[in-house]
Amino acid sequence: PLATDQTLIVTLNPGRAPDPTLIYDDYQFDHPVFDAAALRSQRAMPAIQGQNRYRFCGAWLRYGFHEDALASAVAMADDMGITPPW
């Protein structure tokens, strides 16, 4: 939480650079690069999912995007017999 009543806008990859005097903070994020070992691990996941009461989810199980993290969590919940409320 930021201690301000001012409206703030968060942008990713803006079409043009914002006025530097108006920038509160700046972060650089990268998506993972998956090597052959990571892809093999992704393919092996169904065989170990749920073994010994361990379950795995995360963006790394697909392509590394935010949507992949959500899809992975929904798949894990489905595997546990849980249906999302939406």
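Positions are given from 1 along the sequence.
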Checklist line | Rounded distance (nearest 0.5 Å) linking atom SG of C57 with atom CG of D68 | finding: 12.0 Å
Notebook entry, point to check: With sequence neighbours excluded, what pairs up with D26 under the side-chain hydrogen bond (donor to acceptor under 3.5 Å, both in side chains) test?
Noted result: none
Check: For I9, does the CD1 atom sit with more than 12 other heavy atoms under 6.0 Å from it, leaving out its own atoms?
Finding: no
Check: Does any pair with a residue in residues 34-56 pass ring-ring contact (aromatic ring centres under 6.0 Å, His included), and if so which ones, sequence neighbours excluded?
Finding: none
Note to self: Is it the case that over 12 heavy atoms from other parts of the model lie below 6.0 angstrom from the CG atom of D5?
What the structure shows: no
Next item on the list: Please check if the side chain of S41 supplies one atom and the backbone of A37 the other of a donor-acceptor pair under 3.5 Å.
Entry: yes
Notebook entry, point to check: Out of curiosity, does L61 fall in the hydrophobic cluster containing Y63 (side-chain heavy atoms, cut-off under 4.5 Å, transitive links)?
Noted result: no
Check: Any idea which heavy atoms bring R62 and A71 closest together, and the distance?
Finding: NH1-CB, 3.0 Å
Checklist line | Nearest-0.5 Å distance that lies between atom OG in S72 and atom CD in Q42 | finding: 10.0 Å
Notebook entry, point to check: I48 and W60: same hydrophobic cluster, using ILVMFWY side-chain contacts below 4.5 Å?
Noted result: yes
Item checked: Between CE on residue M80 and CZ on residue R53, distance to nearest 0.5 Å -> 10.0 Å
Notebook entry, point to check: Under 4.5 Å between side-chain heavy atoms, hopping through other hydrophobics if needed: is there a path connecting Y24 to L22?
Noted result: no
